[in-house]
Amino acid sequence: MRSIGVTGLAVAASVLGFATLAQAADMSAVQPVTIQTETPTDRQWTLTLGGYVTGQPEYLGSGNYEVGFMPIISIDRANELSRFSSFNDSPSIALFNVGTFELGPVANMVWKRDEGDSSDLRGLGDIDYAFEVGGYLQFYPLDWLRFRTEVRYGFGGYEGVVADFALDAIHFADYWGGLTVSGGPRLKMASSGFVDTYFGITPEQSATAISLGNDLAPYQAGGGVYSVGVGGQVMKRFNPNWTGSIFAEYEYLTGDAADSPLVVQNGDRNQFQAGVSLSYTFFLGIQ
């Protein structure tokens with residue numbers, strides 16, 4: 001799957017998340033993304049724990065879905081808690097931050113794929129966990145518009161490079177006690193090391209799969225534009241400690257990933273995921 005962690009929730013999240021694209025033009029209703037004057041307590045460290053319960057494909061390219069869980073573990077200073085974040089953001093640290101522009105290191109983990117996860121994978125063997133490290137850059141060309149890109153090198157389950165690009169229009173809605181509604185387009189690029197690992201089929205794998213009744217021909221996949229899509233999210237901070245959200249994402253596989261027999265015969269190039277999250281923030285009193 002994508003990360004450890006992603007459905008009637010899809011409809012609700014899509015409607016609320018994608019509505020922001022139409023609302024974003026009304027800049028007078030948008031709460032600007034600005035840094036407020038800090039007090040001494042703004043610099044204290046916090047620990048946020050929680051998780052996402054998600055509906056997600058059984059494996060990359062699958063047409064069947066399962067319930068998954070992705071933990072939320074975050075350490076931030078108190079003054080960073082109000083900043084916008086998306087479900088797609090990998091854990092990161094801002095080494096350079098001037099409010100409208102920031103960059104720093106990023107890390108992620110891709111969940112393992114076991115042959116026993118689905119009958120569609122018979123004969124293909126297992127893929128171990130993959131760990132990704134790299135960097136991110138994000139900036140706000142407008143108060144209500146955020147661009148973020150991450151470039152990560154993966155090792156372990158696969159060896160290669162992936163790059164994610166996301167544009168989010170952000171709207172603060174006063175109804176229901178105050179919600180942050182966001183959404184926008186997505187694009188993912190990946191090297192052949194990533195795509196061939198999850199969508200390629202070696203002659204040996206093909207022979208084993210066919211002997212087990214899984215008629216998959218050999219296939220070698222190359223890199224390039226992996227997918228395009230769109231996502232939306234609704235987030236609410238109930239009080240300084242509790243935060244919840246719902247989200248929905250649509251991803252359309254392209255290139256060699258979409259043409260793989262694993263997708264054409266057994267799966268679906270249309271990929272959906274949706275979920276809800278709940279987290280609790282501890283204020284540690286340490287500056």
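Predicted model only: the values in this text are computed from it and were never measured.
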Donor-acceptor under 3.5 Å ([X] side chain, [Y] main chain):
{"X": "Glu102", "Y": "Gly99", "value": "no"}
{"X": "Glu115", "Y": "Gly125", "value": "yes"}
{"X": "Asn108", "Y": "Ser90", "value": "no"}
{"X": "Lys236", "Y": "Trp176", "value": "yes"}
{"X": "Tyr65", "Y": "Phe272", "value": "yes"}
{"X": "Ser206", "Y": "Leu216", "value": "yes"}
{"X": "Gln233", "Y": "Val181", "value": "no"}
{"X": "Gln271", "Y": "Gly61", "value": "yes"}
{"X": "Gln205", "Y": "Thr202", "value": "yes"}
{"X": "Asp268", "Y": "Asn270", "value": "yes"}

Check Ser182, Ser86, Ser85, Ser277 against Ser245 for a side-chain hydrogen bond (donor to acceptor under 3.5 Å, both in side chains) and give me the one that passes. Ser277
So which heavy atom on [X] is nearest to which on [Y], and how close?
{"X": "Ala258", "Y": "Leu253", "value": "CB-O, 3.4 Å"}
{"X": "Val151", "Y": "Ala163", "value": "CG2-CB, 4.1 Å"}
{"X": "Thr197", "Y": "Gly157", "value": "CG2-O, 3.5 Å"}
{"X": "Thr281", "Y": "Pro240", "value": "CB-O, 4.1 Å"}
{"X": "Phe238", "Y": "Gly244", "value": "CE1-N, 3.6 Å"}
{"X": "Phe199", "Y": "Leu60", "value": "CE2-O, 3.7 Å"}

Is it possible for you to check whether Arg186 lies under 6.0 Å from the centre of the six-membered ring of Phe165, through NZ or CZ, and within 45° of that ring's axis? no
Side-chain heavy atoms of [X] within contact of [Y], under 4.5 Å:
{"X": "Gln56", "Y": "Glu66", "result": "yes"}
{"X": "Tyr219", "Y": "Asp259", "result": "yes"}
{"X": "Phe172", "Y": "Phe84", "result": "no"}
{"X": "Thr208", "Y": "Leu212", "result": "yes"}
{"X": "Gln138", "Y": "Thr149", "result": "no"}
{"X": "Tyr252", "Y": "Arg269", "result": "yes"}
{"X": "Val106", "Y": "Val133", "result": "no"}
{"X": "Tyr136", "Y": "Arg148", "result": "yes"}

Taking the basic N atoms (NZ, or NE/NH1/NH2) and the acidic carboxylate oxygens, is any pair closer than 4.0 Å for [X] and [Y]?
{"X": "Asp89", "Y": "Arg83", "result": "no"}
{"X": "Asp114", "Y": "Lys112", "result": "yes"}
{"X": "Asp164", "Y": "Arg152", "result": "yes"}

Distance from [X] atom [atom1] to [Y] atom [atom2], nearest 0.5 Å?
{"X": "Gln220", "Y": "Ser260", "atom1": "CD", "atom2": "OG", "answer": "12.0 Å"}
{"X": "Thr100", "Y": "Arg146", "atom1": "OG1", "atom2": "CZ", "answer": "13.5 Å"}
{"X": "Asp117", "Y": "Ser62", "atom1": "CG", "atom2": "OG", "answer": "9.5 Å"}
{"X": "Tyr250", "Y": "Gln273", "atom1": "OH", "atom2": "CD", "answer": "13.0 Å"}
{"X": "Thr48", "Y": "Ile72", "atom1": "OG1", "atom2": "CD1", "answer": "8.5 Å"}
{"X": "Leu167", "Y": "Phe147", "atom1": "CG", "atom2": "CZ", "answer": "7.5 Å"}

Between [X] and [Y], is there shared hydrophobic-cluster membership here, with clusters defined by ILVMFWY side-chain heavy atoms closer than 4.5 Å?
{"X": "Met235", "Y": "Met70", "result": "no"}
{"X": "Val98", "Y": "Leu145", "result": "yes"}
{"X": "Val276", "Y": "Trp242", "result": "no"}
{"X": "Leu137", "Y": "Leu95", "result": "no"}

With side-chain hydrogen bond (donor to acceptor under 3.5 Å, both in side chains) as the test, would you mind laying out the steps for Asn88 and Glu249 before giving the verdict? CA-CA 9 Å; Asn88 289 303; Glu249 299 279 340; 2.9 Å; yes
Go through the steps for Phe283 and Asn241 under the test side-chain contact (heavy atoms from CB on, under 4.5 Å), then give the verdict. CA-CA 8 Å; Phe283 290 82; Asn241 301 100; 3.8 Å; yes
Is the count of non-hydrogen atoms from other residues, nucleotides or ligands lying under 6.0 Å from Ile75 atom CD1 greater than 12? no
More than 12 non-hydrogen atoms from neighbouring residues, nucleotides or ligands closer than 6.0 Å to CG on Leu47, yes or no? yes
Which of parallel (below 30°), tilted (30 to 60°) and perpendicular (above 60°) describes [X] and [Y]?
{"X": "Trp111", "Y": "Tyr129", "value": "perpendicular"}
{"X": "Tyr153", "Y": "Phe155", "value": "parallel"}
{"X": "Tyr52", "Y": "Phe87", "value": "perpendicular"}

What I want to check is whether the side chains of [X] and [Y] have a donor and an acceptor closer together than 3.5 Å.
{"X": "Ser74", "Y": "Asp76", "answer": "yes"}
{"X": "Arg77", "Y": "Gln44", "answer": "no"}
{"X": "Ser279", "Y": "Arg237", "answer": "no"}
{"X": "Thr254", "Y": "Ser227", "answer": "no"}
{"X": "Glu132", "Y": "Tyr158", "answer": "yes"}

Kindly determine whether Leu262 and Leu124 satisfy side-chain contact (heavy atoms from CB on, under 4.5 Å), including the steps that lead there. CA-CA 10 Å; Leu262 189 60; Leu124 299 184; 3.8 Å; yes
Determine, stepwise, if the pair Asn266 / Asn214 fulfils side-chain hydrogen bond (donor to acceptor under 3.5 Å, both in side chains). CA-CA 9 Å; Asn266 292 353; Asn214 191 12; 3.1 Å; yes
Going through the distances and angles, do Phe194 and Val161 end up as a side-chain contact (heavy atoms from CB on, under 4.5 Å)? CA-CA 7 Å; Phe194 175 90; Val161 177; over 6 Å; no
Evaluate the criterion side-chain contact (heavy atoms from CB on, under 4.5 Å) for residue pair Ile73 and Leu49; output intermediate values, then yes/no. CA-CA 5 Å; Ile73 305 174; Leu49 299 175; 4.1 Å; yes
Evaluate ring-ring contact (aromatic ring centres under 6.0 Å, His included) for Tyr59 paired with Tyr198, printing each intermediate quantity in order. CA-CA 9 Å; Tyr59 58 87; Tyr198 295 100; over 10 Å; no
